[in-house]
Participant: 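My structure is below; once you've seen it, I'll send some questions.
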Amino acid sequence: MSFSDLKILDWVLIGALVVLFVAQVYWYSRYMAAVARRIRKDKKMRTDSQLSPTDAPGVSVILCAHNERENLSNYLQALLTQNYPTYEVIVVDDGSEDDTRAIIERYMVQDPRLHMTFVPYGARVLSTKKLALTLAAKAAQYEYLLLTDADCVPESNRWISEMIQPLLKEGKEISLGFGAYFEEKGHINRLVRFDTLFNGLHYLGAAICGHPYMGVGRNLAYRKSLFFDSGGFTHMMNNKAGDDDLFVNHVATKRNTAVVVSRDSYTWSLAKKTMKEWWQQKRRHLSVSPNYRTATKIRLAMEPLTRGLFYAAVIATIVFAVVNYELKMMNPAFGMAELLLSVAIGLFLLRWIFQTIILNVSARRMGLKRFHMISVLWFDIVLPLVSLWMLVVPKRQTKW
């Protein structure tokens with residue numbers, strides 16, 4: 001290898017680093033920072049947005065329950081004390097074997113707005129939750145459906161009002177909300193909260209920028225007519241999961257989708273306690289991503305791809321700088337070791353700092369716990385590798 005060859009490789013590595021750095025900064029600036037920008041804009045423009053009884057049509061709140069006795073005892077009351085004129089709560093008993101049905105019936109005696117249906121025993125479907133949601137949608141009295149889970153509790157009694165407003169005032173058909181997790185001690189909780197924040201900023205930011213691709217069943221609203229006109233879950237019944245993100249990916253467009261980021265619109269859940277539980281949940285969510293629209297898959301692949309290539313380019317540049325330095329010790333004319341090392345380390349630190357600022361400013365404006373820089377770097381490296389492993393390595397089947 002000649003001196004000129006080394007010079008060319010030096011500039012190729014520097015060029016690659018700069019391009020990948022710019023791609024990452026663009027992605028964070030455009031998509032990940034979109035939620036923080038929206039919150040700031042909404043605060044400047046916000047007035048009392050409480051809907052009057054005449055402007056507030058009925059809403060059907062739907063949740064499925066499979067062995068959720070404890071969660072329903074803790075959280076169902078919050079759904080029945082919402083500050084909204086006309087609504088009902090429909091709980092679908094999805095084959096529970098505990099006292100779930102007894103808890104629901106007890107609340108039904110106290111509040112006539114609460115209704116219950118159930119998935120027929122022995123239903124031959126891959127996803128009983130999709131069947132449960134379909135049954136609830138058919139039973140719903142009202143045009144506006146608001147979905148959550150049995151283990152979720154709204155941030156405030158204005159949750160229904162906040163989530164439904166875009167459907168009424170802006171003529172939208174889908175309203176995407178944020179589902180947060182309670183802060184607790186431990187590394188698993190930090191991992192879950194970081195992953196939730198990162199994914200939330202991603203799908204909400206993409207929707208704000210005109211590219212909606214998913215929602216979460218913990219906090220999602222849409223029109224009943226949209227659900228049935230689009231065929232509901234008929235096109236995805238071969239997937240056990242995906243009742244939320246696959247449906248949104250199928251029907252959401254720039255024109256019909258709204259994003260709600262006000263604090264009163266959040267729902268809260270308890271995070272998984274063990275790595276095994278979180279791993280199973282994460283794998284289940286990722287299992288439906290191959291069924292996303294092609295444009296969505298390409299757009300989603302760009303960030304982790306440029307991120308991985310950036311880390312690889314940083315490592316390659318540092319290694320090459322060391323080689324250049326050794327050659328330079330023998331011949332001072334060789335290579336650009338100092339420049340290579342400065343560019344690699346400098347861009348790495350700049351991206352790290354920029355990423356931490358974007359994530360923590362967003363978390364602060366959302367009223368969530370911020371993350372230490374070391375945690376940001378650790379999760380930034382580990383989570384993509386976990387996702388890649390789950391997508392590439394098939395799940396081992398358990399023999400019964």
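Just so it is clear, the model here is predicted, and its values are computed rather than measured.
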Participant: May I ask you to decide if Leu340's main-chain N or O and Thr317's side chain share a donor-acceptor pair within less than 3.5 Å?
Facilitator: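 Absent.
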Participant: Determine whether a donor-acceptor pair (N or O, by modelled atom type, separation under 3.5 Å) exists between the side chain of Asp244 and the backbone of Arg218.
Facilitator: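 No.
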Participant: Are the side chains of Leu341 and Ile318 in contact, using a 4.5 Å heavy-atom criterion?
Facilitator: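 Yes, side chains in contact.
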Participant: Spell out, as yes or no, whether a donor-acceptor pair under 3.5 Å connects the side chain of Asp99 to the backbone of Ala102.
Facilitator: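 No, the answer is negative, given that no donor and acceptor are paired below the 3.5 Å cut-off.
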Participant: Relative to the ring of Tyr84, is the ring of Tyr87 parallel (under 30°), tilted (30 to 60°) or perpendicular (over 60°)?
Facilitator: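 Because their plane-to-plane angle is over 60°, the rings of Tyr87 and Tyr84 count as perpendicular.
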Participant: Go through the steps for Val314 and Leu347 under the test side-chain contact (heavy atoms from CB on, under 4.5 Å), then give the verdict.
Facilitator: CA-CA 8 Å; Val314 168; Leu347 291 181; 6.0 Å; no
Participant: What are the two closest heavy atoms between Leu17 and Ala344, and how far apart are they?
Facilitator: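 Result for this residue pair: CD1-CA, 3.8 Å.
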Participant: Kindly indicate, with the supporting measurements, whether the criterion salt bridge (Lys or Arg N to Asp or Glu O under 4.0 Å) is fulfilled by Asp149 and Lys129.
Facilitator: CA-CA 11 Å; Asp149 286 339; Lys129 185 176 181 181; 3.4 Å; yes
Participant: For the backbone of Met366 and the side chain of Arg263, can you confirm whether one donor and one acceptor N or O come within less than 3.5 Å of each other?
Facilitator: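 Yes; judged by distance alone, with no hydrogens or angles, the pair exists.
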Participant: Can you name the one residue among Asp151, Leu220, Val153, Asn219 that meets side chain to side chain contact (heavy atoms under 4.5 Å, CB included) with Thr267?
Facilitator: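 Single side chain to side chain contact (heavy atoms under 4.5 Å, CB included) partner of Thr267 among Asp151, Leu220, Val153, Asn219: Asn219.
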Participant: Do Glu143 and Ser225 have a side chain donor and acceptor closer than 3.5 Å?
Facilitator: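 There is such a pair between these side chains.
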Participant: Please tell me if the side chains of Lys172 and Asn256 come closer than 4.5 Å, counting only heavy atoms from C-beta onward.
Facilitator: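 SC-SC contact between Lys172 and Asn256 ruled out.
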Participant: Would you indicate whether the side-chain heavy atoms of Val259 and Val35 approach each other to under 4.5 Å?
Facilitator: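 They are not in side-chain contact.
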Participant: What closest approach, in Å, do Ala78 and Thr81 show between heavy atoms, and which atom pair accounts for it?
Facilitator: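 Answer, listing the atom of Ala78 first, then Thr81: O-OG1, 3.5 Å.
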Participant: Gln82 side chain to Ile160 main-chain N or O, any donor-acceptor pair under 3.5 Å?
Facilitator: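 A pair under 3.5 Å: yes.
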Participant: Do the ring planes of Tyr266 and Phe178 sit parallel (below 30°), tilted (30 to 60°) or perpendicular (above 60°)?
Facilitator: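 Rings of Tyr266 and Phe178: perpendicular, over 60°.
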Participant: Which label fits His187 and Phe379: parallel for a plane angle under 30°, tilted from 30 to 60°, or perpendicular past 60°?
Facilitator: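 Ring orientation, 0 to 90° scale: tilted.
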Participant: State, to 0.1 Å, how close Gly179 and Val216 come at their nearest heavy-atom pair, and which atoms those are.
Facilitator: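 What the structure gives for the nearest pair is N-CG2, 4.3 Å.
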Participant: Counting N and O atoms only, with roles assigned by atom type, does the side chain of Ser175 sit under 3.5 Å from a partner on the main chain of Met163, one being a donor and the other an acceptor?
Facilitator: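 Side chain of Ser175 to backbone of Met163: a pair is present.
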Participant: Would you say Arg40 has more than 12 foreign heavy atoms packed within less than 6.0 Å of its CZ?
Facilitator: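 No, CZ of Arg40 has 12 or fewer neighbouring heavy atoms, counting only those of other groups under 6.0 Å.
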Participant: Does Arg365 come within less than 4.0 Å of Asp42, counting only side-chain N to carboxylate O?
Facilitator: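 Looking at Asp42 together with Arg365, the answer is no, because their closest N to O distance does not fall below 4.0 Å.
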Participant: Which heavy atom of Arg38 sits nearest a heavy atom of Ile208, and at what distance?
Facilitator: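 Nearest heavy atoms, Arg38 then Ile208: NH2-CG2, 3.7 Å.
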Participant: Working to the nearest 0.5 angstrom, can you tell me the gap between Tyr181 OH and Arg193 CZ?
Facilitator: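 Tyr181 atom OH to Arg193 atom CZ measures 12.5 Å (nearest 0.5 Å).
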Participant: Would you kindly say whether Gln24 and Thr306 are connected by a side-chain donor-acceptor distance under 3.5 Å?
Facilitator: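 Looking only at side-chain atoms, Thr306 and Gln24 do form a donor-acceptor pair, the distance falling under 3.5 Å.
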Participant: Apply side-chain contact (heavy atoms from CB on, under 4.5 Å) to Leu300 and Ser289, showing your working.
Facilitator: CA-CA 10 Å; Leu300 289 178; Ser289 58; 5.7 Å; no
Participant: Flag the pair Leu270 / Glu184 as yes when at least one side-chain heavy-atom distance between them is below 4.5 Å, and no otherwise.
Facilitator: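 Yes, at least one pair of side-chain atoms sits under 4.5 Å.
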Participant: Could you tell me whether Arg307 and Asp380 have a side-chain N and a carboxylate O separated by less than 4.0 Å?
Facilitator: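 Counted as a salt bridge, because a side-chain N and a carboxylate O are separated by less than 4.0 Å.
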Participant: Under 4.5 Å between side-chain heavy atoms, hopping through other hydrophobics if needed: is there a path connecting Val192 to Val382?
Facilitator: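 Result: yes, single cluster for both.
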Participant: Are Phe247 and Tyr222 near enough that their ring centres are under 6.0 Å apart?
Facilitator: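 Under 6.0 Å, so yes.
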Participant: State, yes or no, whether a side-chain contact exists between Lys224 and Tyr144 at a heavy-atom distance under 4.5 Å.
Facilitator: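 When only atoms from C-beta onward are counted, Tyr144 and Lys224 do not touch, as no gap falls below 4.5 Å.
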Participant: Any side-chain donor paired with an acceptor under 3.5 Å for Tyr28 and Gln355?
Facilitator: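 A pair is found: one side chain offers a donor N or O, the other an acceptor, under 3.5 Å apart.
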Participant: Nearest 0.5 Å, what's the CE-NZ distance between Met275 and Lys282?
Facilitator: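 Reported value, rounded in 0.5 Å steps: 11.5 Å.
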Participant: Is Tyr107 close to Leu80 at the side-chain level, that is, under 4.5 Å between some pair of heavy atoms?
Facilitator: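 Yes. Closest side-chain heavy atoms under 4.5 Å.
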Participant: Is any side-chain N of the basic residue among Lys273 and Glu277 closer than 4.0 Å to the acidic one's carboxylate O?
Facilitator: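 Judged by the 4.0 Å cut-off on N to carboxylate O distance, Lys273 and Glu277 do not form a salt bridge.
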Participant: Rounded to the nearest 0.5 Å, what separates atom CG in Leu20 from atom CG in Leu305?
Facilitator: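 Taking CG in Leu20 and CG in Leu305, the distance rounds to 8.5 Å.
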Participant: Do Ile315 and Leu350 share a hydrophobic cluster (ILVMFWY, side-chain heavy atoms under 4.5 Å, transitive)?
Facilitator: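 No, separate clusters.
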Participant: Nearest 0.5 Å, what's the OG-CG distance between Ser161 and Leu146?
Facilitator: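 Ser161 OG to Leu146 CG: 11.0 Å, rounded to 0.5 Å.
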Participant: Does the gap between the ring centers of Phe227 and Phe233 come in under 6.0 Å?
Facilitator: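 Ring-ring flag for Phe227/Phe233: true, centres closer than 6.0 Å.
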Participant: Within the structure provided, determine whether Phe182 and Asn189 are in side-chain contact (heavy-atom separation under 4.5 Å).
Facilitator: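 Side chain of Phe182 against side chain of Asn189, heavy atoms only: no contact under 4.5 Å found.
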Participant: Side-chain heavy atoms under 4.5 angstrom apart, residues restricted to Ile, Leu, Val, Met, Phe, Trp, Tyr: same cluster for Val19 and Trp27?
Facilitator: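 Different hydrophobic clusters.
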Participant: How many angstroms lie between atom CG of Leu383 and atom CG of Leu388, to the nearest 0.5 angstrom?
Facilitator: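 It is 12.5 Å, given to the nearest 0.5 Å.
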Participant: Identify the heavy atoms of Lys369 and Ala363 that sit nearest to each other, and give their distance.
Facilitator: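 Reported closest heavy-atom pair: O-CB, 3.9 Å.
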Participant: Could you tell me whether the side chain of Ser96 and the main chain of Ala65 form a donor-acceptor pair under 3.5 Å?
Facilitator: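 Side chain of Ser96 to backbone of Ala65: a pair is present.
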Participant: If you round to the nearest 0.5 Å, how far is CD1 of Ile381 from CG of Leu385?
Facilitator: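 Between Leu385 CG and Ile381 CD1, I get 8.0 Å after rounding to 0.5 Å.
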Participant: Does a sphere of radius 6.0 Å around CH2 in Trp378 hold more than 12 heavy atoms from other residues, nucleotides or ligands, not counting ones at 6.0 Å or beyond?
Facilitator: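 No.
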Participant: May I ask you to test the Leu114-Met108 pair for a side-chain heavy-atom distance under 4.5 Å?
Facilitator: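 Counting from C-beta outward, Leu114 and Met108 do come under 4.5 Å.
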Participant: For residues 200-215, which residue pairs qualify under side chain to side chain donor-acceptor pair (under 3.5 Å), counting only residues two or more places apart or in two chains?
Facilitator: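 Checked against side chain to side chain donor-acceptor pair (under 3.5 Å) - neighbours excluded - the pairs reaching residues 200-215 are His211-Arg299.
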Participant: So, the side chain of Asp98 versus the backbone of Arg69: is there a donor-acceptor pair under 3.5 Å, distance only?
Facilitator: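 Present.
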Participant: Which heavy atom of Lys297 sits nearest to which heavy atom of Pro290, and what is that distance?
Facilitator: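 Heavy atoms only, the tightest pair is NZ-O, 3.0 Å.
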